[in-house]
Amino acid sequence: MNESAGQQIVPPEAELVSKDRVLALTDGVVAIAMTLLVLDIKLPEGLDGAQLHQALDDVQSQVGAFALSAVVIALFWRAHHAALRVVGPIDAYLFWLNVTFLLLLSSIPFPTKVLVDYGDRFLGPGLYGAVIGTTALVLYGMELRTSRALGTSWRRVPLPAQAVVFLLSVGIARVSPVGAMYSWAAAVPLSVVAARIARARGR
């Protein structure tokens with residue numbers, strides 16, 4: 001007999017993982033990722049005059065990249081907790097999606113460092129956009145999975161505007177690395193629009 005559209009998916013008990021443990025692991029990974037961002041901000045010792053001013057300018061660019069990545073990680077953490085807030089134990093499919101999400105999230109300090117060092121080349125914004133965009137896409141997959149487990153329509157899940165913007169920026173970086181970085185600002189208004197559309201479709 002076919003399952004009804006609103007019936008929740010109940011996987012075998014052996015495939016379930018405690019949601020609290022998954023959230024605790026996520027909190028730990030987020031804390032470590034943010035700590036690694038701060039550790040990359042360094043000012044060489046024994047400098048003075050023009051060398052000191054140049055080093056301070058370099059640190060300012062590091063702080064800007066750190067602030068960007070800190071905000072991105074914080075938003076990922078918030079969206080992750082929101083996605084898992086109303087679900088029960090985590091099934092195997094969602095568990096491995098979460099593992100992929102954490103692997104990408106924990107790697108963010110590396111593309112952040114590359115962005116600082118190669119922001120004027122394709123490699124910097126290209127790698128950063130690819131990692132952030134892929135992370136957002138995996139999170140979208142988690143949100144779709146939780147909506148299915150709860151028996152709610154996928155139409156209520158906002159489209160992954162952040163993923164689209166950052167992944168498209170990889171192509172923009174081929175032509176203009178600076179333009180790719182400016183394009184990331186579009187993720188904010190597009191995410192708001194996507195959320196409003198999802199609410200309207202869910203009524």
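By convention here, the first residue in the shown sequence is residue 1.
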Which donor-acceptor pairs under 3.5 Å do side chains of residues 63-76 form with protein atoms, sequence neighbours excluded?
from  : atom 1 : to     : atom 2 : distance (Å)
Ser69 : OG     : Ala65  : O      : 3.4
Ser69 : OG     : Thr112 : OG1    : 2.6
Ser69 : OG     : Tyr128 : OH     : 2.8

Throw together a table of side-chain donor-acceptor distances under 3.5 angstrom for residues 119-126, partners on residues two or more places apart or in other chains.
none

Can you get from [X] to [Y] by hopping between Ile, Leu, Val, Met, Phe, Trp and Tyr side chains that sit under 4.5 Å apart?
X	Y	value
Ile132	Val188	no
Val164	Val157	no
Val22	Val29	yes
Val87	Trp77	yes
Val131	Leu167	no

Can you see which heavy atom on [X] is nearest to which on [Y], and at what distance?
X	Y	answer
Leu137	Pro160	CD1-CG, 4.3 Å
Gln162	Ala187	CA-CB, 4.3 Å
Ala161	Ser191	CB-N, 3.7 Å

Going from NZ on Lys19 to NE2 on His81, what distance comes out if it is rounded to the nearest 0.5 angstrom?
10.0 Å
From Thr146 OG1 over to Leu144 CG, what is the distance, rounded to the nearest 0.5 angstrom?
7.5 Å
Does any part of the side chain of [Y], heavy atoms only, come nearer than 4.5 Å to the side chain of [X], both counted from C-beta?
X	Y	answer
Tyr118	Leu127	no
Asp91	Leu94	yes
Leu84	Ile90	yes

Listing, residues 95-111 side-chain donor-acceptor contacts under 3.5 Å, not counting sequence neighbours, or none:
from   : atom 1 : to     : atom 2 : distance (Å)
Asn98  : OD1    : His80  : NE2    : 2.5
Thr100 : OG1    : Trp96  : O      : 3.0
Ser106 : OG     : Leu102 : O      : 3.0
Ser106 : OG     : Leu103 : O      : 2.9
Ser107 : OG     : Leu104 : O      : 2.7

Does Asp27 have any salt bridge (charged side-chain N to carboxylate O under 4.0 Å, His left out) partners at least two apart in sequence or in another chain, and if so, which?
none
Once side-chain hydrogen bond (donor to acceptor under 3.5 Å, both in side chains) is applied, do any residues pair with Asp20, and if so which ones, sequence neighbours excluded?
none
Identify every side-chain donor-acceptor pair in residues 175-185 under 3.5 Å, counting partners at least two apart or on other chains, and give the distances.
from   : atom 1 : to     : atom 2 : distance (Å)
Ser176 : OG     : Gly179 : N      : 2.9
Ser183 : OG     : Ala180 : O      : 2.5
Trp184 : NE1    : Ser169 : OG     : 2.9
Trp184 : NE1    : Ala180 : O      : 3.3

